[in-house]
There are 2 protein chains.
Amino acid sequence: MEILDQTDLKILRILQKNAKLTTKEIADQLHLTASPVYERVRRLEKKGYIKNYVAILNKKKLNRPVTAICMVSLRYHNEGFIDTFEHQIKELIEVQECYHMAGKVDFFLKIHLESLEEYHEFVRTKLSKIQNIGVLESYFVLKEIYNTTTIAF
Amino acid sequence: MEILDQTDLKILRILQKNAKLTTKEIADQLHLTASPVYERVRRLEKKGYIKNYVAILNKKKLNRPVTAICMVSLRYHNEGFIDTFEHQIKELIEVQECYHMAGKVDFFLKIHLESLEEYHEFVRTKLSKIQNIGVLESYFVLKEIYNTTTIAF
DNA sequence: GGAGCTATCAGTAAATTTTTCTGAATATGG
DNA sequence: CCATATTCAGAAAAATTTACTGATAGCTCC
C-alpha cells in the first residue's frame with residue numbers, strides 16, 4: 001500500500017476526531033465489516049499515517065488557564081546557537097509547541113501556565129536564562145475560539 | 001470526587017501521552033489492579049477532565065507540509081464585528097487553531113496547507129473575503145522543533 | 001477472452017480487554 | 001469507638017481485539 005484510497009482517508013478522518021470508536025462502529029459508518037477496518041487501521045499505524053493516540057485534557061480544570069504566545073528572535077544566528085536554543089527549549093515543561101519560523105521572528109512558542117504571575121516567573125527564571133535571545137514579544141490568549149488537533153484533507 | 005489525588009493525576013499524565021494503554025498496563029505502572037484504574041478513568045471522563053480521545057496524524061504524509069501562523073487585527077472592534085469574525089473563521093477548514101488575543105494583534109491563527117501557493121489562494125479567496133480585517137501578518141514554520149498535545153501539571 | 005496474481009472483504013473463533021458486581025480493607029468524622 | 005464513605009482486589013460476564021481462512025472482484029499479461 002503506497003497510496004491511500006477513500007476508505008483509508010475516511011478512517012483517518014474518523015479516528016482523528018474520536019479514537020475511542022470500536023472497529024465495528026467505524027465499519028458500520030463505512031458499510032463494511034470489522035475485519036477490513038481492523039486491518040486498515042493496523043496498516044495506517046504501521047505506515048506512520050497515525051503517529052499516536054492521546055487523551056485531550058481540560059486545561060482549565062487542571063489549573064492551566066493561561067495560554068501565552070511568545071515570539072523570540074535570536075541575537076546571533078550561527079548554527080550552533082540555533083541548535084542550543086532548540087535543546088534548551090525542549091527542557092521547559094511549560095512549552096507545548098515550539099517552531100523555528102521564517103520571517104522577522106526566529107521562534108514561536110505556545111506556553112500553558114497557571115497564572116500571569118507564573119508567566120513572569122517563567123520568563124525571569126527560565127527563558128531569560130537562555131543565552132542569545134534578542135527580542136521577546138509576549139501575547140496572551142483572551143479566548144480560545146477554535147482549537148482542534150485535526151487536519152483537513 | 002471534587003479534588004483529584006495523586007493517582008488521578010498520574011493516570012491523566014499517562015493517558016495524555018498514550019491513550020491506547022489498557023487499564024491493566026496503567027494499573028501495573030501504578031501498582032494497582034485494573035478495577036480502580038478503570039473506575040477512575042470513567043470518573044475523570046465524566047467529570048470533564050478528559051475532553052476526548054483522538055488519533056494524531058502525520059501531516060506530511062497526508063500532504064499538509066506547510067504550517068502558517070497568521071496574526072490578524074481588525075479595523076473596528078465592536079462586539080458584533082468580533083463575533084462575526086469568530087463565526088467566519090470557524091468555517092475555514094484549513095484553520096486548526098484560532099485565539100482572540102490581548103495585545104497589538106487581535107487574532108492568532110494556525111493553518112495547515114498543501115503548499116505556499118495554497119496559502120496564497122487561502123488568503124486571496126477566503127481570508128480576504130472576511131470583512132473588517134485591518135492588518136494581516138503571515139509567518140511560516142521552517143521546522144517543528146517541539147509539538148505536543150500534553151500539558152504539564 | 002481467460003489464466004494467474006493480487007488486493008479486499010466477510011465470517012469465525014480464540015485471546016484479550018472492558019465492564020459490572022461483590023466483599024474486604026482503610027480511612028473519616030462525629 | 002462506632003458508623004459511614006471511599007478505595008481497592010478479585011472474579012465473572014460482556015464486548016472487543018486479533019488472527020486466520022476462504023471467497024470475490026479487479027488487474028495484468030499473454
Side-chain angles (χ1 to χ4, degrees), chain A residues 1-64 148-153, chain B residues 1-64 148-153:
Chain A
M1 178 186 70
E2 201 43 64
I3 194 149
L4 305 184
D5 64 14
Q6 284 303 316
T7 303
D8 289 320
L9 296 179
K10 284 176 188 168
I11 289 173
L12 290 174
R13 288 190 195 105
I14 290 169
L15 286 178
Q16 72 172 345
K17 281 192 211 145
N18 182 2
K20 268 293 150 79
L21 294 175
T22 64
T23 54
K24 181 73 175 65
E25 289 170 321
I26 297 171
D28 288 345
Q29 287 189 42
L30 304 179
H31 305 294
L32 285 172
T33 57
S35 315
V37 173
Y38 173 77
E39 287 163 6
R40 282 168 181 269
V41 172
R42 272 299 103 80
R43 214 158 39 197
L44 290 166
E45 290 168 355
K46 199 170 175 185
K47 295 278 183 182
Y49 290 91
I50 297 172
K51 290 205 290 192
N52 56 349
Y53 297 92
V54 302
I56 303 297
L57 306 185
N58 187 323
K59 292 188 286 291
K60 294 192 179 167
K61 286 219 165 199
L62 291 164
N63 200 28
R64 295 293 180 279
T148 178
T149 51
T150 63
I151 58 177
F153 58 88
Chain B
M1 178 187 70
E2 201 43 65
I3 194 149
L4 305 183
D5 64 14
Q6 284 303 315
T7 303
D8 290 319
L9 296 179
K10 283 177 187 167
I11 289 172
L12 290 174
R13 288 192 195 103
I14 290 169
L15 285 178
Q16 72 171 345
K17 281 193 213 145
N18 182 3
K20 268 293 151 79
L21 294 175
T22 64
T23 54
K24 183 72 175 69
E25 289 170 319
I26 297 171
D28 288 346
Q29 286 190 44
L30 305 179
H31 305 296
L32 286 171
T33 57
S35 315
V37 172
Y38 173 77
E39 288 163 6
R40 282 168 181 268
V41 171
R42 272 297 106 80
R43 214 157 41 195
L44 290 165
E45 290 168 356
K46 198 170 175 184
K47 294 277 183 181
Y49 289 92
I50 298 172
K51 290 206 289 191
N52 55 348
Y53 297 91
V54 302
I56 303 297
L57 306 185
N58 187 322
K59 292 187 286 290
K60 293 192 180 169
K61 287 219 167 198
L62 290 163
N63 201 29
R64 295 294 180 278
T148 178
T149 51
T150 63
I151 56 177
F153 58 88

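Chain A is the first sequence line, chain B the second, and so forth, proteins listed ahead of strands; every chain is numbered from 1. Computed from a prediction, not measured in an experiment: that's the story for all the values here.
- Per the geometry, CD1 belonging to I26(B) stands 19 Å off P belonging to dT16(C), to the nearest Å.
- In this structure, CZ of R42(B) is placed 20 Å from P of dT6(D), rounded to the nearest angstrom.
- Taking 4.5 Å as the limit, every side-chain heavy atom of Y49(A) sits out of range of all side-chain heavy atoms of L57(B).
- Taking every side-chain heavy atom of T23(A) into account, dT17(D) is the closest of dT7(D), dT17(D), dT20(C).
- With rounding to whole Å, D5(A) atom CG is found 12 Å from dC9(C) atom C1'.
- One can place CG of L4(A) at 15 Å from P of dA7(C), the figure rounded to the nearest angstrom.
- What separates CZ of R43(A) from C1' of dT8(C) is a distance of 8 Å, to the nearest Å.
- No donor-acceptor contact under 3.5 angstrom links the side chains of Q16(A) and Y53(A), judged on distance only.
- Looking only at side-chain heavy atoms (C-beta outward), R40(B) and D5(B) come within less than 4.5 Å of each other.
- Side-chain proximity of E39(A) to dG10(D), dC9(C), dT7(D): nearest is dC9(C).
- You'll find that the side chain of L32(B) is closest to dC8(D), out of dT18(D), dC8(D), dT20(C).
- Under 3.5 Å, the side chain of T33(A) and the base of dG11(C) form no donor-acceptor pair of N or O atoms.
- Between the C1' atom of dT18(C) and the NZ atom of K20(A) lies a distance of 10 Å, rounded to the nearest Å.
- Going from atom NZ of K24(A) over to atom P of dT17(D) covers 11 Å, rounded to whole Å.
- dT8(C) atom C1' lies 7 Å from atom CZ of R40(A), rounded to whole Å.
- R42(B) pairs in a side chain to side chain contact (heavy atoms under 4.5 Å, CB included) with only one of the listed residues (E45(B), E39(B), K46(B)), which is E45(B).
- Here the side chain of Y38(A) is nearest to one of dA9(D), dT18(D), dG11(C), namely dT18(D).
- Counting heavy atoms from C-beta on, the side chains of V54(A) and T150(B) never come closer than 4.5 Å.
- In this structure, of dA19(D), dC8(D), dT19(C), it is dC8(D) that holds the atom nearest to the side chain of P36(B).
- Distance from the side chain of S35(A) is smallest for dA19(D) among the nucleotides dA19(D), dT8(C), dT19(C).
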